[in-house]
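Numbers restart at 1 for each chain; the letters A, B, ... are given by sequence-line order, proteins then strands.
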2 protein chains.
Amino acid sequence: MSTAAGALPAVAVAVDVAVLTVHGRELRVRLARLRAGPFADAWALPGGRVRSEESLDAAARRILGAPGRGSALHLEQLYTFGSPQRDPAGRVVSVAYLALGRPTRPPFADDPRYAELAWHPVARLPALAYDHRAVVRAAVDRLRAKLAYTNIVYALLPGDFTLGELQETYEAILGRALDRRNFRKKLLSLGLLRRLDRVRRGPHRPAVLYAFRRRRPIVIDVL
Amino acid sequence: MSTAAGALPAVAVAVDVAVLTVHGRELRVRLARLRAGPFADAWALPGGRVRSEESLDAAARRILGAPGRGSALHLEQLYTFGSPQRDPAGRVVSVAYLALGRPTRPPFADDPRYAELAWHPVARLPALAYDHRAVVRAAVDRLRAKLAYTNIVYALLPGDFTLGELQETYEAILGRALDRRNFRKKLLSLGLLRRLDRVRRGPHRPAVLYAFRRRRPIVIDVL
DNA sequence: CCAAAAGTGTTGGTCTTACACCCATGC
DNA sequence: GCATGGGTGTAAGACCAACACTTTTGG
């Protein structure tokens, strides 16, 4: 049963979003430096209160920002954190979301609560407000797990990419090296990729570009 | 960020618990028939509002009932349901929990809101209140998934059991038959079980009893 | 011509699946 | 003695991990 009605709620609901991306061979999370409140000057995940007429997913998308700015290609609910002590300012239950997207220019702080926004490598986080360190850990764990049995990595890559870039992305997330031949064999055999007839030219031998056939979540044994 | 303070919350927080068990070769969920409210007379998952001083886990344990009655051996958070329309009586966000336990006698309705409690096979559910059908589906999906990579099945079995009973439990949950020889080979090879020097006597050849070495969650490749 | 990343196959081991017969007991 | 579930092994195929050399380009 879930009935509310009656007395006014004693517990508030917020949404916090951990946006992960891979940049510079590192898995990074988008953090905001808070201007005010009990954790003024500390870094925190972007978040905010759920409005009475919006769903949790809608609140998460709102916090994520307008499509085009910080737009993410994947959004999923992660876990709900509800320790009575997690917010010194009152009882707030926070529904955490995991989002995946391409690294944007750091600054798009259109939210006056935030002094600054930046991508921080998850391997060396600053002190975080609230229980956001646990949220980031949960987000990273979820991403690592899903890497093995879904195609969500598509949300972290541009429209076309080389197999080397794809492997780098996997390695950045998993934090370990993968065998190149086995990786290529496996990923090509899955049929998730479409080979383009273009190449990426760089300082060395050009690499064939690939694209994901479908850019939406599929459950499949990847690793 | 998650700060509350300021205005009174417009959104209430509840916890609903899907207790699953296996009985009579069927996966079942504990449902309560509601006495009052917008879904009077309908079946629903036991649930209730989160109190201002308790954690979400504590609320779930409270709703689960005193240890000894409906005591469950495993409890984990499942998903948070927050559609604005899910409760006709007001905006209630529900944090759903999955619990696993042994089948108890159906009746232990010490909660005056419930007319009746019963174990319903998840394969043929009655109409459920709220979005509880989706909650049960999520609970069953989670259990099925975790069967393959954890030892949580221990929470559904008594202290000692035969390999036949263990296999029946797996089959009831997965909804498909498993090869007996392969199943026994795999489970014995994992080292999760301790062979007891007792047997279960029945109308046929006695079966050796086993117990789980450790009755707490372990991540391991099971199936 | 050198450095650096791209590209490519084989082999051995492990794991999974499929499958059939005898055993011990209660009735 | 028969019905029923308990108990056991093997072989074929799939999958995974390990591993080294050649190619192509820019500078």
Side-chain angles (χ1 to χ4, degrees), chain A residues 22-26 144-145 147-151 157-158 160-172 174-211 219-223, chain B residues 22-26 144-145 147-151 157-158 160-172 174-211 219-223:
Chain A
V22 172
H23 191 228
R25 301 205 181 194
E26 283 189 302
R144 286 188 179 144
L147 220 42
Y149 67 92
T150 72
N151 65 342
L157 286 160
D160 51 26
F161 49 86
T162 67
L163 289 179
E165 290 161 356
L166 180 58
Q167 183 174 349
E168 264 181 32
T169 304
Y170 270 88
E171 290 177 336
L174 296 172
R176 63 189 166 92
L178 301 172
D179 180 86
R180 188 154 43 98
R181 281 168 296 184
N182 293 337
F183 180 84
R184 298 164 75 96
K185 227 181 312 168
K186 189 70 201 288
L187 266 119
L188 290 174
S189 77
L190 292 174
L192 298 174
L193 305 179
R194 196 174 69 244
R195 181 189 173 116
L196 308 178
D197 38 3
R198 288 179 293 127
V199 293
R200 171 145 307 156
R201 313 192 73 86
H204 309 299
R205 174 172 175 174
V208 173
L209 287 169
Y210 289 83
V219 172
I220 185 173
D221 233 53
V222 179
L223 292 187
Chain B
V22 172
H23 192 228
R25 300 202 181 196
E26 284 188 302
R144 285 187 179 145
L147 264 198
Y149 67 92
T150 71
N151 65 342
L157 286 160
D160 51 27
F161 50 86
T162 67
L163 289 179
E165 290 162 355
L166 180 58
Q167 184 174 346
E168 264 181 32
T169 303
Y170 270 88
E171 290 177 338
L174 297 173
R176 64 190 166 94
L178 302 172
D179 179 87
R180 189 153 45 98
R181 280 167 298 187
N182 293 337
F183 180 83
R184 300 165 74 94
K185 228 181 313 169
K186 188 71 200 288
L187 267 119
L188 290 175
S189 77
L190 292 174
L192 298 174
L193 304 180
R194 196 173 68 242
R195 181 190 173 115
L196 308 178
D197 37 4
R198 287 180 292 126
V199 293
R200 170 144 308 155
R201 314 193 73 87
H204 308 299
R205 174 172 175 176
V208 173
L209 287 169
Y210 289 83
V219 172
I220 184 172
D221 233 51
V222 179
L223 291 186

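Spacing between atom CG of B/Leu178 and atom C1' of C/dA18 amounts to 14 Å, rounded to whole angstrom units. Here D/dC15 presents its P atom at 16 Å from CG of B/Asp221, a figure rounded to the nearest Å. Look at CG on A/Asp179: it is 14 Å from P on C/dA6, rounded to the nearest Å. What separates CZ of A/Arg195 from P of C/dA6 is a distance of 14 Å, to the nearest Å. Atom NZ in A/Lys185 sits about 12 Å away from atom P in D/dA18, given to the nearest Å. Nucleotide D/dT10 holds its C1' atom 11 Å from the CG atom of B/Asn182, rounded to whole Å. When the C1' atom of D/dC16 is taken as reference, atom CZ of A/Phe183 falls 15 Å away, rounded to whole Å. Across the protein-nucleic acid pair, A/Arg180 atom CZ and C/dT8 atom C1' stand 9 Å apart, rounded to whole Å.
Under 4.0 angstrom from either OP1 or OP2 of C/dA6 there lies no side-chain N or O belonging to A/Arg184. For C/dC19, the OP1/OP2 oxygens have no side-chain nitrogen or oxygen of B/Arg181 closer than 4.0 Å.
Each of B/Tyr210 and B/His204 was matched to the nucleotide of DNA chain D holding its nearest heavy atom; the match closer to the 5' end belongs to B/His204. Looking at which nucleotide of DNA chain D each of B/Arg205 and A/Arg205 is closest to, the 5′-most match is held by B/Arg205.
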Exercise. What do the steps show when you test B/Phe161 against B/Thr169 for side-chain contact (heavy atoms from CB on, under 4.5 Å), and what is the final call?
Worked result: CA-CA 11 Å; B/Phe161 50 86; B/Thr169 303; over 6 Å; no
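Here the rule is salt bridge (Lys or Arg N to Asp or Glu O under 4.0 Å) with B/Asp160, and of B/Arg200, B/Arg195, B/Arg194 only B/Arg200 fits it.
Here B/Glu171 contributes atom CD and B/Glu26 contributes atom CD; the two are 13.5 Å apart, rounded to the nearest 0.5 Å. We find the CG-CZ distance between A/Leu209 and A/Arg201 to be 11.0 Å, quoted to the nearest 0.5 Å.
A/Pro206 comes within contact range of the sugar-phosphate backbone alone, with a heavy-atom separation under 4.0 Å but no base atom that close.
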